[in-house]
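See below for the structure under consideration.
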Amino acid sequence: MKCIVTGGNVKALGKAIHALSRIGDEIYIEPLQEGLSLRAINTSRSAYACFLFTSLFFQRYQPGESGSDPDVGAFRCKVLMKSFLAVFRSLPALEKTVEKCLLSLNPRMNRFRVQLHCKYGVVKTHDLSFQECELLQAVFDKRQYAHLLRAPPRLLADAVVHFPLTLAEVTLGASPAGKVTLRSYLEEETEPSRMMVTEMCLSEEEFQAFHIKQETQITFCLKEFRGFLSFAESSNLSLDIHFDIPGRPAIFTVEDPVLELQLVLATLSESESRLPACTHKPVAPACDFTNDDIDAYMVAMETTCDGVEPSPSPTFHTRCSRSETGESESENEDTVLGTPPQKRFRSLFFGSVLSQSQAGTHSFSSQEVLAEDSEGDS
Amino acid sequence: MPFSTQPETGEEQNVLVATLDNVRNLSNILKAIHFKDHAICFVTSNGLKVTVENAKSLQANAFIQAGIFQEFAVQEESVTFRINLSVLLDCLTIFGTSSLPGTQAALRMCYQGYGYPLTLFLEEGGVVTVCNINTQEPEEILDFDFCSTNVVNKIILQSEGLREAFSELDMTSEVLQITMSPDKPYFRLSTFGNAGSTHLDYPKDSDLIEAFHCNKTQTNRYKISLLKPSIKALALSCKVSVRTDNRGFLSLQYMIRNEDGEICFVEYYCCPDEDITEAEL
């Protein structure tokens, strides 16, 4: 992989890294045919972000090695967020001094190189250590989601600044009547009298699209959301929020020919977010949540073997645009609701889970992995 | 009469009397070498030289020439004493470090000789503070024997060009590797840290480079922990001269312009780290 970023896009790239650094400790880099994908997932696996910079973003973009076999899947790697962030640490300096940024990934030479061409002909070359890794992919189909809100990211950014920085989660409520609220989520252990609750009300007119079928409240983590907003805000594009019943992940997307941003956040399941009083008992997950189901859930998080299937990587982009795959997938989506078994977002059960038999028949789908590594997450 | 607190007694006995209208012209320069508590001061009729050393491998010298002072009188050929630099700086900045107009403190510095304290009179807006700082037995300082005739490579560049580089140095790297060469890469700073390696290349025709005199390709490693304090000098300076001699010793000379537009110099010498093998290059 080799790509060149110039001008203001260098800062945009830097901002994206800063936003991703709010989500995970590692950054997953995947050069795809349609663009460079940078992903991150948080340690509790309740938040996942994928930023795809399409080839238009780059002055030059070459996903594979020159002369390499296009049938061989893209080489993916992950880099410590800290070391990648260090390259782009100072955004003002990036804007002021960097004229060109060159990213190159050469697995044969074991090198991931970020080269910054700065003012006065100074060249900074960072050779970062990386780890080869599996595909990191949250599985969902936003067409299955009942509700949609579209707004400029600015609107939400202006709303979330009012919440204290220590606040972990926020509840988004929307009703068909045209009211949208953002409210601090308080854990049930906290005494309400000792806590401050902040609530923001937004009206339908502030949204560019407002499709709410029934009154819904979802609760998701705020820190990752803030990071995403800070980047989305700089793009001047509109932000889509797809959500459904509580417990099903919320999907935030920003799309543009140059840039596709996705953030998937686990939401608290209904029993807990609606009935905080009864959660001192052993948490009763959804009544059909048997052991078998847990196994089925875990399928989505299992690791695929890299390179077993030479099919193109199922990114969000290709999935959404490929209408022919829609039908089989939507069946799969129906079988699944990601419901965290515990109050906190300890595990991530994004979107679709495939039963073993389905996985066998749909080889394309079986490639899809939620997260590369599932140990210790149940 | 050691440890006298009566400065009035016999001004003529002082071996050193120096006055300065703006104490910051002294304190700022001393800050550039303040990475250890103790410093050795050498005074001759040419001016004041303050030396700080670390680990027998690094030496920093600040030169404050006699012309910077409004009055500078030395009675002996040379006067040497050791002093606690932190205390000296605390005293020099006792009226604060603000550079706002009208907040200029004046200094009169006296020293009666071996065994006596260094006496500072600081005055701002009619308020006078008298500080007596005990002097200590001077110790031998290192002679780096860095001779300009042995200099192999020399580059003078705008400090601005190095400032960012030094502030972003990967401190997980044990060494800073400096390559100076008449051919590519000309001037390269490299670190090898946990996250990977970083190389910073300056082309020889860069606007940042004022003079480029490299005769031979040299690659030397210096302990990053030793060089890190030189950031203080870099921050104050406008130009820096980077030189290496035939033994790989490094000299960094910083040109610092004070508030009155006069030029002072701070110099750092550093020994190279152990020889690098070809394989590591």
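Per chain, numbering begins at 1; letters A, B, ... match sequence-line order.
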Side-chain atoms of residues 185-195 of chain B: list all donor-acceptor pairs with protein atoms under 3.5 Å, sequence neighbours left out, distances to 0.1 Å.
{"residue": "B:R188", "atom": "NE", "partner": "B:D201", "partner atom": "OD1", "Å": "2.7"}
{"residue": "B:R188", "atom": "NH2", "partner": "B:D201", "partner atom": "OD2", "Å": "3.0"}
{"residue": "B:S190", "atom": "OG", "partner": "B:H199", "partner atom": "ND1", "Å": "2.8"}

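For residues 246-262 of chain B, every residue pair satisfying the salt bridge (charged side-chain N to carboxylate O under 4.0 Å, His left out) rule, not counting sequence neighbours, is listed here: B:R24-B:E259, B:D245-B:R247. Pairs engaging residues 4-16 of chain A under the salt bridge (charged side-chain N to carboxylate O under 4.0 Å, His left out) rule: A:K11-A:E95 [sequence neighbours left out].
Proximity to chain B (any heavy atom under 4.5 Å) is shown, for A:L80, by neither the backbone nor the side chain. B:Q158 does not touch chain A: none of its heavy atoms, backbone or side chain, sits under 4.5 Å away.
More than 12 heavy atoms of other residues, nucleotides or ligands shown are found within 6.0 angstrom of CG on B:D90. In this structure, B:D37 places its CG atom where more than 12 heavy-atom neighbours from other residues, nucleotides or ligands lie under 6.0 Å away. Applying the 6.0 Å contact sphere to NZ of B:K216 captures no more than 12 heavy atoms from other residues, nucleotides or ligands. Heavy-atom neighbours of B:K36 NZ from other residues, nucleotides or ligands within 6.0 Å: at or below the threshold of 12.
Within residues 112-125 of chain A, the residues having any heavy atom less than 4.5 Å from a heavy atom of chain B are, in residue-number order, A:Y120, A:G121, A:V122, A:V123, A:K124, A:T125.
Per-residue counts of heavy-atom pairs under 4.5 Å with chain A were compared for B:D205, B:L200, B:T172, B:D207; the largest is that of B:L200.
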